[in-house]
There are 2 protein chains.
Amino acid sequence: MAHSHSNEHDLMDLRAKLRGKDRRITKPREEILELLGKEDHPISAKIIHEKLEGSCNLVTAYRSLKMLESMNLVKRFDFGDNTARFELICCNDKAHHHHLICNDCRTVVEIEECFDPKMESRIAQKHGFRNVTHQLEFFGLCSSCQTA
Amino acid sequence: MAHSHSNEHDLMDLRAKLRGKDRRITKPREEILELLGKEDHPISAKIIHEKLEGSCNLVTAYRSLKMLESMNLVKRFDFGDNTARFELICCNDKAHHHHLICNDCRTVVEIEECFDPKMESRIAQKHGFRNVTHQLEFFGLCSSCQTA
DNA sequence: TAATTAATGCAAAAGACTTGCATTTAAAGC
DNA sequence: GCTTTAAATGCAAGTCTTTTGCATTAATTA
């Protein structure tokens, strides 16, 4: 699932969204978006920092990701290993998706399937919650790790 | 959702499971299980250590929880705040469930509803995975926090 | 009751993430 | 383009959760 086609759009989107908020488009922020656009799976701040060697400090990566998340340009995922991972939010049909992670080798597979959204609104209504979202990830043993 | 009724059973279960593995039933382990049995929601290692003041070191809490998890007596949850929380796995109808967490005040509501298990087996089969489980948590704004 | 070895507790470390502060730099004004 | 100014960066140092090494304690087994 390559996102590279969405780069330009995302950068425009970023510019538009930042302009209204007294915020700036900086080299690290652009590079993070560009990198995320090339990635097939969510990646951590540490990996981002490493891949952008030199052009984005680790602290800046954390701060930028938090900011991009708050602007809904990036989504945070949790694969249960004390490390947040981030993915570009793109506006096509694959926007909402989940992951299947191998408990052994940590391979990640993107899952497009999801449950009926009515379940979510039912739950929200039942408990008087609003703006309800969900985090859903699947874990198991991939075919290679079953034999090993 | 009080679990207190399941204590004795869980302890027996623990004893049975440990016996075969050259492992021991110790005071901290018993106390952790007893405490978890009384809790309505998943709690962190730190909270466990605090509530068992004196009788269970924080490190022991971490180690015991990891062990209990590996023996399927305890389940780990992640509410997106860099802190693992644990719940007793009990064998009644409420065994499998999820949570709805307020993004603001962190209130937790237990959710019994879940999607059709066929989805999970379909996903497992499609990607050649086995022993597939899932982590599903809902996040939103509770009624109190909507106004504030 | 003694022997054995798993489990504990302490101290210290590792790892993810955050914060304070001086410096840099994007962007708005001249 | 040049100056201004406040946001963003980078470094150092800190916080917080979780892990590890090692000597000590205590649960099981004989």
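Worth saying up front: this structure is predicted, and the values here are computed from it rather than measured. Per chain, numbering begins at 1; letters A, B, ... match sequence-line order.
In 5' to 3' order, the nucleotides of DNA chain D bounding all contacts with chain B (an atom under 4.0 Å from a heavy atom) are D:dT17 to D:dT28.
Remark: the backbone N or O of B:Leu141 is paired with a side-chain donor or acceptor of B:Gln146 at under 3.5 angstrom.
Residues A:Ile47 and A:Leu88 fall within the same hydrophobic cluster, defined by Ile, Leu, Val, Met, Phe, Trp and Tyr side chains chained together at heavy-atom separations under 4.5 Å.
Using a 4.5 Å heavy-atom cutoff, the side chains of B:His97 and B:Lys75 are not in contact. Between A:Leu73 and A:Leu36, every side-chain heavy-atom pair lies at or beyond the 4.5 Å cut-off. The shortest side-chain heavy-atom distance between B:Glu30 and B:Ile25 falls under the 4.5 Å cut-off. Counting heavy atoms from C-beta outward, A:Ile32 and A:Phe86 have side chains that stay 4.5 Å or more apart. At least one side-chain heavy atom of A:Met67 sits under 4.5 Å from a side-chain heavy atom of A:Arg29.
Residue A:Leu58 is out of contact with every strand shown, counting any heavy-atom pair closer than 4.0 Å. Nucleic acid contact for B:Ala45: none, since no nucleic acid atom lies under 4.0 Å from a heavy atom of the residue. Across all strands shown, B:Lys46 has heavy atoms under 4.0 Å from sugar-phosphate atoms exclusively, and none from any base.
Between B:Cys56 and B:Asn82, the one whose closest nucleotide on DNA chain C sits nearer the 5' end is B:Cys56. Nearest-nucleotide positions on DNA chain C place B:Ser64 closer to the 5' end than the other of B:Ser64 and A:Lys66.
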Distances under 3.5 Å only, N/O to N/O: pair up the protein atoms with those of nucleotides 27-30 of chain C.
from   : atom 1 : to      : atom 2 : distance (Å)
C:dA27 : OP1    : A:Ile25 : N      : 2.9

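A straight line from CE of A:Met67 to P of C:dC17 spans 18 Å, rounded to a whole angstrom. The distance from atom CD1 of A:Ile47 to atom C1' of C:dG15 is 14 Å, rounded to the nearest whole Å. One interatomic measurement links the two molecules: CG of B:Asn57 to P of C:dA12, which rounds to 15 Å at whole-angstrom precision. Taking atom CD on A:Glu31 and atom P on C:dA26, their separation rounds to 12 Å, with Å as the unit. Separating the OH atom of B:Tyr62 from the C1' atom of C:dA7 is a distance of 18 Å, rounded to the nearest angstrom.
Nearest heavy-atom pair, A:Ile111 versus A:His99, reported as atom, atom and distance to 0.1 Å: CG1-C, 3.9 Å.
No more than 12 heavy atoms of other residues, nucleotides or ligands shown are found within 6.0 angstrom of CZ on A:Arg130.
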